[in-house]
Protein chains: 2
Amino acid sequence: MDDVFKALDKSKQLRILNAAYQEFAEKGYKQASTNKIAREAGIGKGTLFYYFTSKEELFHDLVEESFRIADEQYLSKIDFSETDFFRRLKQTSELKWAVYQEQPHALRFMAQVFIHMEEYELPEELTVKRQAAEETWGKILTENIDFSKFREDIPQETAFNFIRWTIEGYRVELEQRIKMMGLDKLSNQTLEPYYDEFYGYLDTLKKIYYKPGLNE
Amino acid sequence: MDDVFKALDKSKQLRILNAAYQEFAEKGYKQASTNKIAREAGIGKGTLFYYFTSKEELFHDLVEESFRIADEQYLSKIDFSETDFFRRLKQTSELKWAVYQEQPHALRFMAQVFIHMEEYELPEELTVKRQAAEETWGKILTENIDFSKFREDIPQETAFNFIRWTIEGYRVELEQRIKMMGLDKLSNQTLEPYYDEFYGYLDTLKKIYYKPGLNE
DNA sequence: GACCTATTGACCACTCTGGTCAGAAAGAGT
DNA sequence: ACTCTTTCTGACCAGAGTGGTCAATAGGTC
């Protein structure tokens, strides 16, 4: 990432980064088109290569940047002293949402890199960072959680997976619904009803998977 | 679809169809490459265009064929007199699996067509078939199901969605795990443990979402 | 041999790719 | 007004890949 690029308006930087995140997340490294990234970002093709010397460099910068964002805006803000599973889940969802509002495709890009890591032959430095990140991500919903609140007639791991899958399924469906609405800009205003829906689902999950009598 | 093609060895037909299903399902119509389909199917490029006159005709034939398969091998075999939700789920999963073993990518292709239908401008005849199919697919897990078995302190629709999402999450994870193993051929033999795991999960879901005392 | 069908890959015109570069545009300093 | 520097651009390049064609084969049957 050029110093030139870092000296730009923050908003222009974000526009370019997001265009790139989206294209790479959607198509993968090889299929992604620098032409489309430039067009989507609203800059000339030459300008893109003025900021980033090559497609590969752009990609590596995105990897690094997305790791940094995940770290600074998400992982480091998680309150690991919260031992209640569902409050942890709520908290991390809110943090993720905050990231999403600024950089809608950064975390999706990162996930894509995680999954297809082996194809990319990243420089060693990034591979190291990635392994550290992978370890941390596994702990987000387990570290210091009081699992004794879970009902005992269902294996803990099964309950954990079921909750994960349910939330993920809801997330996918929500994404679909929102895409259908075709909004340009997602304000907190328009999404308020979805917060309620989501929190309602969390309560239901708690009722299902916690021991009876723990519903404060 | 040419008569020439239909006269081929069944196994050769399947090889070509599956290669095409996979490519289209993965990349969508425009991004799919006829070159890759031919190479993957192990036939010359000229041969592919000898069987199918154009990329578009190939695609339309696949749509038609996948609808036919879904109908004959799946939808029409569902026993709608089964009113128990979980037995219905088990039965339909087994049917889907049977289809998957012959045509691994046919149903995935069909799902892709469903989602991106509007971009494709299919001939009217296929649009009609598609609407009928969409209606039927919505009924698979609801038609003639005895929902009174579900516990009453959770909204029926919520319970239904949670189960759907859990199953779907498991399916995705299973797919991931199997891809990691990198098997060429999935025999019933190697997958036996997964049946048990799946049926175990179904029992757990029943315990969760049915009224207490209904676990025969 | 002749005849027919099945199969092929070199080839075509065309689009798109990542990347370059001469020069336009915009400031800044005088 | 003039110059110097930095920012920005799209026409342009060679190369790869596209859907589709077709003369040339190979193989079987009479």
Side-chain angles (χ1 to χ4, degrees), chain A residues 1-63 109 116 119-123, chain B residues 1-63 109 116 119-123:
Chain A
M1 195 167 334
D2 237 308
D3 292 336
V4 183
F5 179 74
K6 283 184 188 148
L8 259 46
D9 291 349
K10 196 75 188 171
S11 75
K12 192 172 185 179
Q13 281 186 49
L14 283 183
R15 238 175 43 229
I16 297 168
L17 288 178
N18 262 324
Y21 279 139
Q22 177 162 30
E23 180 74 6
F24 279 119
E26 218 155 84
K27 314 262 189 73
Y29 177 75
K30 207 177 174 191
Q31 297 285 334
S33 154
T34 51
N35 289 16
K36 279 178 192 154
I37 292 172
R39 201 183 319 135
E40 182 64 31
I43 61 175
K45 179 202 185 67
T47 315
L48 184 65
F49 283 91
Y50 178 60
Y51 296 148
F52 304 89
T53 51
S54 72
K55 187 185 184 182
E56 200 186 4
E57 206 232 58
L58 166 59
F59 184 75
H60 287 167
D61 286 348
L62 288 179
V63 174
F109 169 83
H116 298 96
E119 310 161 23
Y120 289 150
E121 297 204 22
L122 293 170
Chain B
M1 193 164 339
D2 238 309
D3 292 336
V4 184
F5 179 75
K6 284 185 187 146
L8 259 45
D9 289 350
K10 195 77 188 170
S11 75
K12 193 173 185 179
Q13 282 186 49
L14 284 183
R15 236 176 45 229
I16 296 168
L17 289 178
N18 262 323
Y21 280 139
Q22 175 163 31
E23 180 73 6
F24 280 118
E26 217 156 86
K27 313 263 188 73
Y29 178 75
K30 207 176 175 192
Q31 297 285 333
S33 155
T34 51
N35 289 16
K36 279 179 192 153
I37 292 172
R39 202 182 319 135
E40 183 65 31
I43 61 175
K45 178 200 187 67
T47 315
L48 185 65
F49 283 91
Y50 179 61
Y51 297 148
F52 305 88
T53 52
S54 71
K55 186 185 183 180
E56 200 186 5
E57 207 232 56
L58 167 60
F59 184 75
H60 287 166
D61 285 349
L62 289 179
V63 174
F109 169 84
H116 298 95
E119 311 161 23
Y120 289 149
E121 297 205 22
L122 293 171

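The chains referred to below are lettered A, B, ... by the order of the sequence lines, with proteins before strands, and numbering in each begins at 1. On a predicted model such as this, the values are computed, not experimentally measured, just so you know.
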Check your understanding: Sub-3.5 Å donor-acceptor pair from the side chain of B/T47 to the main-chain atoms of B/Y50, do we have one?
Key -> no
Check your understanding: Roughly how many Å is it from CD1 in B/I37 to C1' in D/dT18, rounded to a whole number?
Key -> 12 Å
Practice item. Go through the N and O atoms of the side chain of B/K55 and the base of D/dG20, and report whether any donor-acceptor pair is under 3.5 Å. Key: no
Exercise for review: Verify, without hydrogens or angle tests, whether A/E23 (side chain) and A/T34 (backbone) share a donor-acceptor contact under 3.5 angstrom.
Suggested key: no
Practice item. Take atom OH of A/Y51 and atom P of D/dT7, then tell me their distance rounded to the nearest Å. Key: 8 Å
Review point. Taking CD1 from B/I16 and P from C/dT8, how many angstroms apart are they, rounded to a whole number?
Key: 9 Å
Check your understanding: Which residue, B/I43 or A/S33, contacts DNA chain C at a nucleotide closer to its 5' end, judged by nearest heavy atom?
Key -> B/I43
Exercise for review: Would you classify A/K30 as touching base, sugar-phosphate or nothing, given that sugar-phosphate means primed atoms plus P, OP1 and OP2, and contacts are heavy atoms under 4.0 Å?
Suggested key: nothing
**Study point:** Check: B/K36 and B/R39 side chains under 4.5 Å, non-hydrogen atoms
**Key:** yes
Study note, to complete from the structure: 5'-most contact on DNA chain C (nearest-nucleotide basis), A/T34 vs B/T47, goes to B/T47
Check your understanding: Can you check side-chain contact (heavy atoms from CB on, under 4.5 Å) on A/I16 and A/F5, steps first, answer last?
Key -> CA-CA 10 Å; A/I16 297 168; A/F5 179 74; 3.9 Å; yes
**Study point:** Donor-acceptor contact below 3.5 Å, side chain B/K55 vs main chain B/A32
**Key:** yes
Revision key, fill the gap. Rounded to whole Å, CG of B/L48 lies from P of D/dC22 at a distance of 17 Å
**Study point:** Value in whole Å for how far the P atom of C/dG18 lies from CD of A/E57
**Key:** 15 Å
Check your understanding: Are B/K36 and D/dG19 close enough that a side-chain N or O sits under 4.0 Å from OP1 or OP2?
Key -> no
Exercise for review: Report yes if a side-chain nitrogen or oxygen of A/N35 is closer than 4.0 Å to either non-bridging phosphate oxygen (OP1 or OP2) of C/dT17; otherwise report no.
Suggested key: yes
Study note, to complete from the structure: A/F49 CZ to D/dC13 P, in whole Å, measures 18 Å
Review point. How would you label the contact of A/A38 with the nucleic acid (heavy atoms, under 4.0 Å): base, sugar-phosphate, or nothing?
Key: nothing
Review point. In whole Å, what is the span from the NZ atom of A/K27 to the C1' atom of C/dC16?
Key: 12 Å
**Study point:** C/dT7 OP1/OP2 closer than 4.0 Å to side-chain N/O of B/Y50
**Key:** no
